[in-house]
Amino acid sequence: MDQYQAQWSEMIAAAIDAEAGERGIDPAARADLAFETPPSADLGDLAVPMFPFAKLLRTSPAAIASAVAARLASTAGASDGTAVAAGPYVNIRLPRADVAASAVPRVLAEGDVYGRNALYDGTRITIEFSSPNTNKPLHLGHLRNDALGESLSRVLAACGATVRSVNLVNDRGIHICKSMLAYQEFGAGETPESSGVKGDRLVGDYYVKFNEWAKQTPDAEARARQLLVAWEAGDPDVVALWKKMNDWVLAGISQTYEATGIHFDAVYFESETYSSGKDEIARGIEAGVFYREDDGSVWVDLEPIGLDRKILLRADGTSVYLTQDIGTVIARYNDSPFDRMIYVVGSEQIYHFRVLFYVLELLGYEWAGNLFHLAYGMVNLPEGKMKSREGTVVDADDLIAELTELAAAEIRAKERESAVENVDETAHKIAIGALHYYLLQVGANKDMIFNPRESLSFTGNTGPYLQYMCARVNSMIRKAADRRIELDSHIDFNVLDMAEEWELVKLVARYPATVEAAGRDYAPGLLAGYLYDVAKAFSQYYHDVPIITAPSTSVRTARLALSRAVLQVLRNGLDLLNIPYLDAM
RNA sequence: GCCCCGGUAGCUCAGGGGAUAGAGCGACUGCCUCCUAAGCAGUAGGUCCCGCGUUCGAUUCGCGGCCGGGGUACCA
């Protein structure tokens with residue numbers, strides 16, 4: 001497809017130049033040549049508007065279009081397709097059988113690696129996402145973060161990057177001390193094993209308990225702070241409790257990652273790096289890029305980037321969030337140098353990252369310019385914001401369990417138990433598919449409303465719709481094998497002469513470019529929209545046109561090959577979105 | 001106050017300088033002796049927030065409003 005566009009670009013530019021030459025005008029309009037998709041497929045496959053050349057040629061766009069089309073009629077060969085003028089546009093029809101004959105076998109030959117491209121060949125990209133706290137389980141916000149981070153990691157890898165995904169666990173600070181204090185007060189030796197409660201939930205429950213307790217206990221907050229001081233001083237009992245409770249939480253969170261297909265190449269703990277930024281601050285003072293106040297606190301002047309000023313070290317010498325992130329990213333770079341680093345973190349921290357990147361620049365790190373904050377919007381509920389205090393936070397495990405239950409009920413209602421073999425496993429995969437698609441559909445920079453009822457829906461523009469199309473095609477391919485319909489090595493693509501088939505060929509051929517666009521824009525959602533287009537187009541085709549029951553062998557074979565190509569594209573795309581593939585449902 | 005993001009069908013969201021602006025849900029209507037009806041087809045539903053500007057052309061870009069969200073010099 002790309003090569004056709006490149007060829008036509010040359011030919012059309014030459015035709016316009018020739019028109020200009022005939023009128024004694026200097027050519028130079030090539031830059032204005034743009035390709036679009038005509039609003040309707042019967043107009044053509046590619047469209048080039050002639051508006052931009054009207055001024056240069058001093059005639060109407062429609063006249064230019066006819067003149068250009070007339071010239072192209074003689075210059076273009078049959079293997080290029082044909083160009084026709086349609087009002088102010090030059091529309092191009094590609095040679096369908098040729099395109100199909102190159103695109104479909106290519107998909108089938110490349111298989112699982114179809115769609116890989118060279119966009120980021122030789123580029124090392126580190127991507128940080130999830131970043132849980134160890135005082136409570138993951139919630140809906142993390143699920144959006146994880147869906148974006150995991151999917152983007154896969155997309156970038158498909159674009160040729162060497163991806164290193166990292167998780168920064170926020171395992172220290174006042175929040176975990178609050179859970180610890182409540183546990184000391186009320187825990188009575190309870191463990192995940194003794195209570196049967198998942199570790200992250202157990203610790204989260206004590207966090208909630210702390211907040212209730214603190215309302216009628218004036219010194220609760222102060223005692224939590226004392227615990228933090230004791231922890232920083234290395235008090236053995238406190239550290240032991242901290243370790244124990246953190247392990248519970250991490251074990252629980254790992255289970256959630258496993259359930260959602262989230263993977264990290266490295267896990268960093270804030271407790272191990274939180275103080276490492278202090279040396280950098282000292283260096284900055286020496287270099288004169290930071291300054292010290294009378295009380296001993298250290299600041300950076302942000303006036304050059306249009307902001308105020310920011311504290312880097314408190315008067316008591318303790319570090320703040322920014323200091324920690326400075327230390328963390330430097331340690332990480334030294335660990336494993338990168339050409340780019342992407343932080344998948346909520347948009348409420350846009351300011352934080354702007355300052356962080358600027359401070360690193362001040363410190364002279366030449367890679368500071370390669371840091372990128374992929375900000376995503378808040379996940380709200382139809383009733384409004386999620387509030388942990390009001391208990392309206394949607395717990396990740398609960399949501400997945402609920403989705404799984406509904407999917408299982410659906411399988412039973414449709415009496416598909418024997419077809420799917422393992423009901424629970426299939427239901428879980430459908431639940432994850434529904435969840436991830438729902439979260440990735442929305443552009444990252446937008447806040448989104450998570451409607452539980454709607455997210456539980458498995459019909460329409462949803463993850464399960466895509467999974468269902470895969471299952472249908474797969475089932476058909478199985479039947480084809482049963483009926484001994486072999487894939488002929490000499491497929492006659494001329495028999496794919498229906499408009500629906502041509503649409504599918506074009507869609508399938510566009511997959512690598514779509515992966516590339518998703519990688520370039522850090523936008524997995526582009527892929528989600530594309531896959532829905534593919535599934536919808538195939539669904540119509542499949543409904544209207546017999547494939548393995550087509551009357552002639554040559555038609556059956558060609559349609560089956562096209563169907564297999566569609567399945568391969570759906571399968572590869574779903575993998576990049578971290579939506580489980582199902583061969584039956 | 002200042003900075004960032006958003007505003008598209010009743011709802012949730014795509015799209016994007018170019019031809020009649022899309023999908024799903026919801027409403028209504030058809031289609032299972034036929035490769036899985038988690039499907040397919042159709043009907044109804046729009047001042048693309050408002051104004052000005054740039055442009056041959058703006059829903060898309062710029063500026064100014066309005067509305068909503070977020071951030072804003074010691075929480076992360």
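The phosphate of B/rU12 has neither OP1 nor OP2 within less than 4.0 Å of any side-chain N or O from A/Lys446. Proximity of A/Lys536 to the phosphate of B/rG39: no side-chain N or O atom is located under 4.0 Å from OP1 or OP2. Here A/Arg472 reaches the OP1 or OP2 of B/rA37: one of its side-chain N or O atoms lies under 4.0 Å away. Between A/Asn445 and B/rG6, a side-chain N or O to OP1/OP2 separation shorter than 4.0 Å is present. For A/Ser539 and B/rC40, the shortest distance from a side-chain N or O to OP1 or OP2 is below 4.0 Å. Taking side-chain N and O atoms only, A/Tyr468 has a distance below 4.0 Å to OP1 or OP2 of B/rA38. Contact check, A/Ser475 against B/rU36: a side-chain N or O comes under 4.0 Å of OP1 or OP2. Taking side-chain N and O atoms only, A/Lys55 has a distance below 4.0 Å to OP1 or OP2 of B/rC56.
The side-chain ring of A/Phe51 is not stacked on the base of B/rG57, judged by centre separation under 5.5 angstrom and plane angle under 30 degrees. Ring-to-base geometry places A/Tyr542 in a stacked arrangement with B/rC35 (centre distance under 5.5 Å, plane angle under 30°).
Among the nucleotides B/rC35, B/rG18, B/rC75, the one closest to any side-chain atom of A/Ile548 is B/rC35. Nearest nucleotide to the A/Gln540 side chain, out of B/rA14, B/rG15, B/rA41: B/rA41. Nearest nucleotide to the A/Ser297 side chain, out of B/rC74, B/rA38, B/rA19: B/rC74.
The base of B/rA73 lies outside donor-acceptor range of the side chain of A/Asp301, with no N or O pair under 3.5 Å.
Counting non-hydrogen atoms under 4.0 angstrom, A/Asp308 reaches a base of the nucleic acid. Heavy atoms of A/Tyr465 sit under 4.0 angstrom from primed sugar atoms or phosphate atoms, though from no base atom. Contacts of A/Ile411 with the nucleic acid, taken as non-hydrogen atoms under 4.0 Å apart, include base atoms.
Comparing A/Tyr541 and A/Glu410, the nucleotide of RNA chain B nearest to each residue sits closer to the 5' end for A/Tyr541. Residues A/Gln441 and A/Trp299 both approach RNA chain B. Their nearest nucleotides, taken by heavy-atom distance, put A/Gln441 toward the 5′ side.
In this structure, B/rA41 and B/rU29 make a Watson-Crick or G-U wobble pair, each of the two defining distances being under 3.5 angstrom. B/rC48: no Watson-Crick or G-U partner with both key distances under 3.5 Å is found in any strand.
Between A/Arg510 and A/Thr514, the side chains place no donor N or O within less than 3.5 Å of an acceptor N or O (distance only, hydrogens not considered). No hydrogens or angles considered: a donor-acceptor pair under 3.5 Å links the side chains of A/Tyr468 and A/Arg472.
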